[in-house]
Visitor: 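Sharing a structure with you now.
Every number for a ligand or one of its atoms is a count from 1 in the order of the listing. Atom set for the values below is all heavy atoms of this structure, side chains included, hydrogens, waters and symmetry mates excluded.
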Amino acid sequence: MKKLVSLLLIATFVMSLLALSGCGKTEEAPTTPDTTTETPEVEPAAPSADGTVDIGIVLPTKEEPRWVQDEARFLAALDSTDYSVEILFSQGDSGREMQNVQTLIAKGIKVLIITPQDGDAAAAAVQAAKAEGITVISYDRLVTNTDAVDYYITFNSISVGAAQGQFLVDNLAGGTGENLYLYAGAATDNNAFLFFEGAWNVLQPKIADGSFVVQNSSKAVEYMNKTELTREEMGQIIEQITTDWKPEVAKSKAESHITAAPPSGKTFILAPNDGTARAIYDQFAREDGLEIFVTGQDAETASIQYVIDGKQSMTVLKDVRDLVQGAISTATEVLEGATIVTNGEYDNGAVVVPAKDIQVITVTTDNVKETIIDSGYYEASEFTGL
Ligand code: BGC
């Protein structure tokens, strides 16, 4: 039997407009498992003969390399399945996300794999799927405050934040009173809280003892002696330092933070992901005489080049091949009625969701060749100066 991969690339009027409200509340989880290269060769779309689709996949936006890579890795992995699959993008819009889910429901999907644009806003969409007996798998980001989520396939986001925080602490080298600038992801993304929580766990003792001095968040300064923050307290800090996951927001915040609290000498920056890290780095690098330590995550090709060039100090490799494999194997197990083995759980504010929790790797100039090239994640030819 031939694979039936159906890729519907939603017509591309790039709508934007961020969606709706709030945040959920969540906990952490324990641990796990590993797979190919750049843009895989894929045969485009073909729904099954009767036009139905088995597995529907909804991803948040094509505007970030991270999610374009997920699509490519899905297509590569699906090459070996007999199930029909369709991938839709929500382009940063929860309304469009709901439409995508409805389109897939109408095509008879039995499993929905979804990365919500906004964790709370996506609850209505997954409830609609659930009402039709569809199994819902939250992919990378958790859909919050609904009991309509069956499984969560994720990287261990607390450990992503911890790796970022640890990198900054490791480079303190006994210093005191060092400048620390904090940035976070979008408050509508539960992951932004998990990343911040992981980083805070490591950074807070070094803020409390004066090794680091936070320059751009009065709330982080107010809570500097708290080893654990409530969801609400974290929300207050994130509100001050959010990038909304947008490089342009990160850039303009960095610009005003530099004006309000000019950096000098060693400058430590917690940047939540690669897109924002490069924007923040570029802004700080305009200042003379700084030694910049800036974090990231996603191992985007542009950031791997920044790491090689000694600009971005680190990134966190979240091997999307593993995440895709986890989602596809779970969907297949559901379709075949097999037992699903999980290794973690996350409270989404309404229920505790069983999870497949995947580990991450810190990438710096010291190990970039081994982790990124030798592992087959990207081709060496994509970079200069390796
Ligand atoms: C993902 C990150 C990504 C960010 C912005 C998060 O939920 O885990 O990998 O960089 O969203 O899209």
Visitor: Provide the full list of salt bridge (Lys or Arg N to Asp or Glu O under 4.0 Å) pairs with a residue in residues 250-260, sequence neighbours left out, each pair given once.
Guide: none
Visitor: Using the ring of each side chain (for Trp, its six-membered ring), is F167 parallel, tilted or perpendicular to F293, with breaks at 30° and 60°?
Guide: tilted
Visitor: Consider side-chain hydrogen bond (donor to acceptor under 3.5 Å, both in side chains). Of Q297, R66, Q312, which one does D274 pass it with?
Guide: Q312
Visitor: For ligand 1, give me the residues whose heavy-atom distance to it is below 4.0 Å, by chain and number please.
Guide: E64, R66, W67, D140, R141, D189, N191, F195, W245, N273, Q297, D298, K318
Visitor: For residues 359-375, which residue pairs qualify under salt bridge (Lys or Arg N to Asp or Glu O under 4.0 Å), counting only residues two or more places apart or in two chains?
Guide: K369-D374
Visitor: Other residues, nucleotides and ligands only: do more than 12 of their heavy atoms fall within 6.0 Å of CD on E336?
Guide: yes
Visitor: Go through the structure and list residues passing ring pair (Phe, Tyr, Trp, His ring centres under 6.0 Å) with F196, not counting sequence neighbours.
Guide: W200
